[in-house]
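Before any comments, here is the structure.
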Amino acid sequence: MMMSFEFKPQKPGEIPDELEINLDAEGLKSLLQELAFLHDGRTDHVHLMCDSWGGAHLDEQPLAQEQLSFKHVKIILR
């Protein structure tokens, strides 16, 4: 399964302003299942984390060499 949320590093002091989400078919299925928990009202948030953070959703390493990957993504239904 591939799921990676990545951003390009910026100059010191600048905040990244672009997010790239990389998925394969299994990663897309997993993300849709997590979003279904929100849609169905079973929870108000979901966590996507890499292995080193105790999860199994996100890839540990970025796919693009010049980018950085998020280790934890929390999606909140407001």
message = Side chains of His57 and Ser30, heavy atoms from C-beta outward: is any pair under 4.5 Å?
response = yes

query = Can you check side chain to side chain contact (heavy atoms under 4.5 Å, CB included) on Phe7 and Asp17, steps first, answer last?
reply = CA-CA 8 Å; Phe7 64 96; Asp17 55 5; over 6 Å; no

note = Correct closest heavy-atom pair for Gln10 and Lys8 would be NE2-O, 3.1 Å

message = If you define the side chain from C-beta out and look only at heavy atoms, does anything of Ile76 sit under 4.5 Å from Leu38?
response = no

key: Minimum-distance pair of heavy atoms, taken over all atoms of Pro62 and Ser4   = CA-OG, 4.3 Å

task = Would you indicate whether the side-chain heavy atoms of Leu68 and Glu6 approach each other to under 4.5 Å?
result = no

ask   = Shared ILVMFWY cluster between Leu31 and Met49, side chains joined below 4.5 angstrom?
value = no

ask   = Closest approach of His72 and Leu58, non-hydrogen atoms and distance?
value = N-CD1, 4.1 Å

task = Could you tell me whether the side chain of Glu18 and the main chain of Pro16 form a donor-acceptor pair under 3.5 Å?
result = no

message = Whether the side chain of Asp59 engages the backbone of Met2 through a donor-acceptor N/O pair (distance < 3.5 Å, no angle test) should be reported.
response = no

query = Would you say Leu19 and Phe70 make side-chain contact, with heavy atoms under 4.5 Å?
reply = yes

Gap separating the NE2 atom of His45 from the CD atom of Glu34, nearest 0.5 angstrom = 11.0 Å

message = Nearest 0.5 angstrom please: Asp44 CG to Ile75 CD1, how far?
response = 12.5 Å

key: Spacing of Leu28 atom CG and Gln33 atom CD [to the nearest 0.5 Å]   = 10.0 Å

query = Do Leu48 and Leu35 belong together in a cluster built from hydrophobic side chains that touch within less than 4.5 Å?
reply = yes

ask   = Taking side chain as C-beta onward, heavy atoms only, is Asp24 less than 4.5 Å from Met1?
value = yes

query = Less than 4.5 Å apart, any side-chain heavy atom of Asn22 and any of Glu20?
reply = yes

Nearest-0.5 Å distance, CZ of residue Phe5 to CD1 of residue Ile21 = 4.0 Å

query = So, Glu60 and Ser52: side-chain donor and acceptor under 3.5 Å apart, yes or no?
reply = yes

Gln67 side chain to Pro9 backbone, donor-acceptor under 3.5 Å = no

task = Please examine the side chains of Lys74 and Val46, heavy atoms only from C-beta on, and report whether any two atoms are closer than 4.5 Å.
result = no

